[in-house]
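Model, not experiment: these values are computed from the prediction. Residues take their numbers from the sequence shown, with the count starting at 1.
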Amino acid sequence: MFCLVVSSLYLKFTYALPSGVHSWAQADRYSLACRYLEGGQFSEPKTYNLMSVDGKVGVEFPILPFISARVSRLSSPEFLPWIMRGLNAVLLFLGLFLLAKNLDGDVMQRSAMVAMVFLSPVLVFYSFNFLPDSTGLAIVLLAIAQLLRYLKSQRNKNWILALLLAAFATLVKTTCGIYFIALGASLFLKFIREKKYKSVVYLVVVQAITALLIVLYDVVYFYQVNVDLWSIIFMSESQPIENWKDLQLVVKGFGYWFGQWASWYQILTLAIVGVLLRMDNRRVVIDKTLLHFFIISVIGVILFISQMGKQYVNHDYYFVASVIPLIFLFAVVLNQQMAQSSKKIYMVILALGFVLSGIHSFEHYVKRSSSHFTWKNRTILNDTKWMNNGDDRLLALGVEKDAKVFVLYEFAPNTPLVYLNRKGRVFNHEEMTREKQNMDYWVDRIKPRYFIVQKKWNDHIKRDQADLAKSLRLLATDDELMVYEQQKDLPN
């Protein structure tokens, strides 16, 4: 029933291209799927942006866009947005289901706990979207579910599977390495404590091999590819907290996004349950492995924030694979204590928290999917309306599907190319003001046939790129955009 309610919320955006908050980041990932749809090799991911040779990029293990493209080829290319969104959501729902299934206690109570933690506006939004952050989170939840199975059954295959799942999550989203390391460390402490030295050896071998494979992939297929091709689309740099001012900025960023990565309803629900459990005179037993997993994860998140903290200021999706799994782990620890109590008050509190969190998140989902999302007196602009149905509109204006295009005065490297369904290059406002040699270089290198600009920026071309403006001939226009063609012949 819960899945049906959430799915009904997503129904309106089933076939929608990347939109809303951080649509630029979503478009980068969706563009990978579009290029895979053309029949590209898994080991050579590409995007529509041709800044690098044929759009080749280094990226975290692109399993979601690759599988989405393969499934779409079996059905219809038009289903690609729905398939990619759907696979992301299904995987997360599977993680939530198996996590709840493997928790102790009343089935309604543990299900309400897991569902309530899911209902943060950020997670509800990105779970039916194109970013790998929720994919990584889903796999981490599967790993936690396997850990819980191991703690009950003591079968080695469960902890091995848990560790392999956490490693795979790290491959998909590097941030999940926090939980891969924490899981291995907590299992190591458990085996040492129980004098299972054979298991210690197996653990060290499995984690060392998987860690080595992850590092090799990240170096060879991610980092080095981007360095060799001068590709910046997926290349992120460390932004450490180096001084008091940086720390204040990061704290301010966490405060700004609070209400999105977690709502007051969720935090208060967990806090009230935690306080009541502390006040309960009943003696409860918390599994040491789970407790160690949580504590080591806290340390890992703090260390990660110390190195990447400034990214949280402007990127709400950073919370999905780093902070939110920690909240789930905290909920798991609380649930283990609740399972040892027969009091019904916990179910009442969780049910209330679930309803209030759901209302808050569902209300924000539509707002976050719009072109103008206002949060705490700050408006985040993601204007894609002028590009809607861009593929068909360009065809009607005489722009061939295989034609290379330059899109002018847009900041996102792939968003307009995805909407227009064309390969080429995007120039933001700052790039348009650079010397003509920069534009000449890219024209000579990519050899675009058409130049596309939103009507409101058309007059800026003469001001910023006078020589380019002289070489352009207006080919066609509609209500939102203008299409130019260079007067000199250029190969397509």
Side-chain angles (χ1 to χ4, degrees), residues 17-18 24 27-41 44-57 65 69 77 80 229-234 384 386-429 431-432 434 436-455 457-458 461 464-465 467-478 480-492:
L17 292 173
W24 59 270
D28 289 342
R29 302 289 176 164
Y30 179 72
S31 187
L32 293 170
C34 292
R35 294 302 303 272
Y36 279 133
L37 194 60
E38 298 173 356
Q41 297 296 313
E44 292 188 351
K46 304 173 184 177
T47 72
Y48 275 165
N49 194 300
L50 302 181
M51 288 180 65
S52 56
V53 179
D54 196 27
K56 293 180 181 178
V57 292
L80 182 58
L229 297 175
W230 292 67
S231 176
I232 62 173
I233 292 177
F234 296 109
T384 56
W386 74 274
M387 298 177 279
N388 284 342
N389 301 314
D391 187 9
D392 293 336
R393 287 163 59 198
L394 287 189
L395 282 175
L397 295 174
V399 179
E400 303 86 353
K401 270 188 175 292
D402 60 349
K404 296 174 184 176
V405 301
F406 277 9
V407 182
L408 311 180
Y409 296 102
E410 273 295 319
F411 79 94
N414 274 295
T415 304
L417 299 174
V418 161
Y419 272 79
L420 303 176
N421 197 23
R422 302 294 189 280
K423 301 182 188 73
R425 172 84 156 81
V426 178
F427 292 81
N428 61 36
H429 287 68
E431 289 175 299
M432 288 298 295
R434 294 179 187 177
K436 66 180 293 292
Q437 287 83 355
N438 180 66
M439 181 63 72
D440 290 344
Y441 168 80
W442 288 109
V443 168
D444 182 61
R445 175 172 166 174
I446 298 177
K447 296 178 172 56
R449 184 165 182 179
Y450 302 103
F451 292 74
I452 300 171
V453 62
Q454 190 179 4
K455 273 190 172 181
W457 304 116
N458 183 56
I461 302 176
D464 297 330
Q465 294 289 333
D467 290 338
L468 175 65
K470 292 176 183 178
S471 71
L472 297 180
R473 176 180 65 85
L474 182 62
L475 176 69
T477 183
D478 66 11
E480 295 284 353
L481 59 81
M482 305 183 77
V483 180
Y484 288 94
E485 190 175 21
Q486 277 200 313
Q487 295 182 49
K488 60 182 180 179
D489 293 331
L490 288 171
N492 188 17

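The side-chain hydrogen bond (donor to acceptor under 3.5 Å, both in side chains) search around Asp440 returns Lys436, not counting sequence neighbours. Residues satisfying the side-chain hydrogen bond (donor to acceptor under 3.5 Å, both in side chains) test with Glu38, not counting sequence neighbours, are Arg35, Lys423. Listed by chain and residue number, Asn414 satisfy the side-chain hydrogen bond (donor to acceptor under 3.5 Å, both in side chains) test with Asp28 (two or more places apart in sequence, or in another chain). Residues forming a side-chain hydrogen bond (donor to acceptor under 3.5 Å, both in side chains) with Lys56 (at least two apart in sequence, or on another chain): none. Partners of Tyr30 according to the ring-ring contact (aromatic ring centres under 6.0 Å, His included) rule, which considers only residues two or more places apart in sequence or in another chain, are Phe130. Take Lys470 and apply the salt bridge (Lys or Arg N to Asp or Glu O under 4.0 Å) test, not counting sequence neighbours, and it matches no residue. By the side-chain contact (heavy atoms from CB on, under 4.5 Å) test, Asn389 is found to be paired with Arg393, residues two or more places apart in sequence or in another chain being considered. Remark: Glu431 pairs with Arg425 by the salt bridge (Lys or Arg N to Asp or Glu O under 4.0 Å) rule, at least two apart or across chains. Residues passing the ring-ring contact (aromatic ring centres under 6.0 Å, His included) test with Tyr36 are Phe66, sequence neighbours excluded. In this view, Ala396 satisfies the side-chain contact (heavy atoms from CB on, under 4.5 Å) rule with no residue, not counting sequence neighbours. Residues passing the salt bridge (Lys or Arg N to Asp or Glu O under 4.0 Å) test with Arg445, sequence neighbours excluded: none.
Note: Met439 CE to Phe406 CZ = 7.0 Å, rounded to the nearest 0.5 Å. With rounding to the nearest 0.5 angstrom, the CD1 atom of Ile233 is 13.5 Å from the NZ atom of Lys46. Residue Asp392 holds its CG atom at 11.0 Å from CG of Leu420, rounded to the nearest 0.5 Å. Expressed to the nearest 0.5 Å, how far CZ of Phe451 lies from CD1 of Ile461 amounts to 9.0 Å. For the atom pair CZ of Arg473 and CD of Gln486, the computed distance is 11.5 Å after rounding to the nearest 0.5 Å. With rounding to the nearest 0.5 angstrom, the CH2 atom of Trp457 is 3.5 Å from the NE2 atom of His429.
Counting heavy-atom neighbours within 6.0 Å of Gln41 CD, excluding the residue itself, gives a total of 12 or less. The number of heavy atoms from other shown groups lying within 6.0 Å of CD1 (Ile232) does not exceed 12.
Under 3.5 Å, the side chains of Tyr48 and Asn421 contain a donor-acceptor pair of N or O atoms.
Residues Trp24 and Thr415 approach most closely at CA-OG1, 3.3 Å, considering heavy atoms.
At a threshold of 4.0 Å, the pair Lys455-Glu480 does not count as salt-bridged, since none of the basic side-chain nitrogens sits closer than that to a carboxylate oxygen.
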